[in-house]
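Let me begin by presenting the structure, written as structure tokens, before commenting on it.
Residues: numbered from 1 along the sequence shown.
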Amino acid sequence: MNFKFPKSKPKPKLFFFFLTLSLLFLQSQSLSSTTTKNNASKTRKTITKDQFKEAPQFYNSPNCAIIVESDTDTEHDIDAYICSEEAVHVAMTLDTTYIRGSMAAILSVLQHSSCPQNIIFHFVCSSNSSLLHSTISNSFPYLKFQVYNFDDSIVSGLISTSIRSALDCPLNYARSYLANLIPLCVRKIVYLDSDLILVDDIAKLASTPLAEKNSVLAAPEYCNANFTFYFTPTFWSNPSLSLTFANRKPCYFNTGVMVIDLEKWRDGDYTTKIEEWMELQKRMRIYELGSLPPFLLVFAGEIVAVDHKWNQHGLGGDNFRGLCRDLHPGPVSLLHWSGKGKPWVRLDANRPCPLDALWAPYDLLQTPFSLDS
């Protein structure tokens, strides 16, 4: 016996319900695509070369060393400065996200230097090099600088996720490769992050002697910090790994301000040593904080300690909420907004912290008034 199942009558309400859902889905997909394109467009237009004001020109005081016998800056002058041991060499990374901070940092270095014409900047970037070069040139026409391209692929395969996505950017690891990027004739350099300003002469920091401990780098040390915090229980419970610091007295130091002997770095192949720890991190999680722990593993306890005034760090708050913080007790030569909160972001949002007012005078971003004038 053949049975014929009765045809179900369409249910108009249910039909239109699903039709509406389908249309809403398609509309959301279209809006999502449009939003993505608009956001990508905004990202590409994060900066323009004319977005920042031109900074004043700063001149050497009478007692400064004469590196080049010339009143004009030419390419030959730049070549002479690059290999000069009389010049102060400063390295920074550049990208479109932090360029506003970088511009303020550069201005602060020049403004407080007794010999600003004897400073040469070495900028490292991984994209938008032409735009970044033009941006720097337009605001600092007399600045002596070189831009070096950093290939992200060199380090991207070694990076492990950390507690904050911003710390996972390959350019964040470029400081480990400065000795490979900067000309061999440059023996010593001051590395600076982009979220800081100086209120003292950088030559004082650059003159930090490294020979006394035969050290590769110098930085302010913070021995009151809980050093065990920077590594996981997996690290400390492994007998062979925990012995890494057996013959040292390791202290935390911040890698956003360092004086580096590039010659010793190259001789000791310290880039490879840092990479080896990053490779181990990929196999077993021994730390959480991005590019800092490999530096601690290689150098902690063996650096030259610099006065704390050269890195009043942590002004950006912690890595999660970025709450306001006060200065540490004592004198100040450098203010550093390390942490989640950046002064330009908080100022734009009309939610500044009190100390952000100290950063604001170095902000070169064009205001609507100055653009119209």
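Looking at every heavy atom in both residues, L132 comes nearest to S127 through CD1-O, 3.5 Å. Nearest approach of H328 to Q312, heavy atoms of both residues: N-OE1, 2.8 Å. V88 and A206 make their closest contact through CG1-CB, 3.9 Å (heavy atoms, listed as atom of the first residue, atom of the second, distance). I303 approaches K213 most closely through the heavy-atom pair O-NZ, 2.9 Å. Summarising the geometry of M284 relative to N238, their closest heavy-atom pair is CE-ND2, 4.0 Å, with the distance given to 0.1 Å. Closest non-hydrogen pair, L358 versus P361, comes out as O-CD, 3.5 Å.
Exactly one of Y287, F253, Y252 qualifies for a ring pair (Phe, Tyr, Trp, His ring centres under 6.0 Å) with Y230. That residue is Y252.
L192 places a side-chain heavy atom less than 4.5 Å from the side chain of V190.
A side-chain N or O of D356 and one of W337 form a donor-acceptor pair less than 3.5 Å apart. For the residue pair Q117 and Y81, no side-chain donor N or O sits within less than 3.5 Å of a side-chain acceptor on the partner.
Here the side chain of S108 pairs a donor or acceptor atom with the backbone of L198 at under 3.5 angstrom. Between the side chain of S139 and the backbone N or O of I136, no donor-acceptor pair lies under 3.5 Å. A distance-only check finds a donor-acceptor pair linking the side chain of T271 to the backbone of S176 [under 3.5 Å]. Without hydrogens or angle criteria, R285 side chain to T234 main chain gives no donor-acceptor distance under 3.5 Å. Side chain of H336 to main chain of G316: no donor-acceptor pair is present (N/O by atom type, distance under 3.5 Å, no hydrogens or angles). With hydrogens and angles disregarded, no donor-acceptor distance shorter than 3.5 Å links the side chain of K188 to the backbone of I260.
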Step by step, would you call E275 with Y177 a side-chain hydrogen bond (donor to acceptor under 3.5 Å, both in side chains)?
CA-CA 10 Å; E275 287 179 335; Y177 296 87; 2.6 Å; yes
I'd like to know whether N214 forms a side chain to side chain contact (heavy atoms under 4.5 Å, CB included) with E302, so could you lay out the CA-CA distance, the side-chain angles of the two residues, the decisive distance to 0.1 Å, and finally the verdict.
CA-CA 9 Å; N214 198 30; E302 297 183 343; over 6 Å; no
Candidate pair L297 and F231, rule side chain to side chain contact (heavy atoms under 4.5 Å, CB included), full reasoning:
CA-CA 10 Å; L297 287 161; F231 302 96; 3.5 Å; yes
What's the verdict on side chain to side chain contact (heavy atoms under 4.5 Å, CB included) for L296 and W277, showing C-alpha distance, side-chain angles and the deciding distance?
CA-CA 10 Å; L296 297 179; W277 282 111; over 6 Å; no
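Ring-centre distance between F123 and H133: not below the 6.0 Å cut-off. A ring-centre distance under 6.0 Å is found for F245 and F227.
Rounding to the nearest 0.5 angstrom, the gap separating the OG atom in S215 from the CG atom in D261 is 9.5 Å. To the nearest 0.5 Å, atom CG of residue L107 and atom CG of residue D363 are 9.5 Å apart. Once rounded to the nearest 0.5 Å, the distance linking CZ of F295 with CG of L217 reads 7.0 Å.
Ring geometry for Y222 against H313 counts as tilted: the plane angle lies between 30° and 60°, on a 0 to 90° scale. Classification of the H112-Y362 ring pair by plane angle, with boundaries at 30° and 60°, yields tilted. By the 30° and 60° cut-offs, the orientation of the rings of W265 relative to F299 is tilted.
Salt-bridge formation is detected for the pair D348/R100: a Lys NZ or Arg NE/NH1/NH2 atom is positioned less than 4.0 Å from an Asp or Glu carboxylate oxygen.
Neither F150 nor L184 shares a network with the other; the hydrophobic side chains, linked directly or stepwise wherever heavy atoms of I, L, V, M, F, W or Y lie under 4.5 Å apart, form separate groups for each.
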